[in-house]
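Notes to accompany the following structure.
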Amino acid sequence: MPELPEVETVRRGLMPVLQGAVVESVEAHRPDLRWPLPENFVERLAGRRIEAVGRRAKYLLADLCGGEVLLLHLGMSGSLRVEGAPARGPETAFHYPRHPAGPHDHVVLHLAGGASVTFNDPRRFGAILMVPYDRLDTHPLLRNLGPEPLGNSFNAEYLARACAHRRTSLKAALLDQKMVAGLGNIYVCEALHRAHLSPLRQAHTLATKAGGATLRAERLVTAIRDVLREAIHAGGSSLRDHRRVDGELGYFQHAFRVYDREGAPCPNFHCKGHVRRVVQGGRSTFYCPACQR
Ligand SMILES: [Zn+2]
């Protein structure tokens, strides 16, 4: 399942192709993904200009002229394929070859100028919606999201305050999208390892008795930002290698330090521990009991 860095990588890959582009025509090969496609989707989108491509948590947001936003979620298995894009500066200095249409190509946007963007999603947990721009913040999918982990309002004071009265594990608190938006299982495990904090630790121990930030909260915010930034950076590199081949945006392989590395020696300097797997809230947690406290 793509997490925030993967979605941000997709956004950066789409931007040079979509920003300022006019949607000439739309193909929809089925009426629904996870939810039904927007009413009159094909007619409503055709002829619209895409002003900007943004992101909120794991949602891609394409601002359309006329005050609507195309909201796209990759779900469990979604990816986007850019084809036929003309060279426009170094980021798109590749001409993507055309592929034969695949069985899971559900939606295709044909852009003026000849490029196309195809949404492929074998498991169909992805979503495409159209939302009026001024109702974006109050939309049910977005209104309860906490701050962006890379944004200014996510800091140690905020995190400590938000955790101060929580009697849950740190892992569960960080996966709560109201606490911080867009973090998933993989990057929570990686960030806790870097911050030397146990995923089993009680969330409220990030706050002092007065509700202020502890050093733990500061370490954790730094670790979260670092793992996300590094993953986005790695995604950018892999994008540049990968897009030359087939223009597909969606997945790339990372070297994780603890995630999915049960039994491996802890990569922290001077630590003699080994990565352990436990199940929390029905999902695997990977951590080093020797250096994460
Ligand atoms: Zn360790």
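Read the numbers this way: they start at 1 and go in the same order the structure lists the ligands and their atoms.
- You'll find the side chain of His193 reaches within 4.5 Å of the side chain of Asn268, heavy atoms only.
- Our summary of the site lists the angle at the Zn ion (ligand 1) between SG of Cys291 and SG of Cys288 as 110°, to the nearest 10 degrees.
- When distances to the Zn ion (ligand 1) are checked against a cut-off of 2.8 Å, His193 contributes no N, O or S atom below that limit.
- In this structure the side chain of Leu70 reaches within 4.5 angstrom of the side chain of Met130, judged on heavy atoms.
- Counted within 6.0 Å of CZ on Arg276, heavy atoms from surrounding residues, nucleotides or ligands total 12 or fewer; the atom is thus considered open.
- Angle subtended at the Zn ion (ligand 1) by Cys266 SG and Cys271 SG: 110°, rounded to 10 degrees.
- The residue from Glu3, Gln280, Lys171, Glu190 that alone fulfils the side chain to side chain donor-acceptor pair (under 3.5 Å) condition with Asn185 is Lys171.
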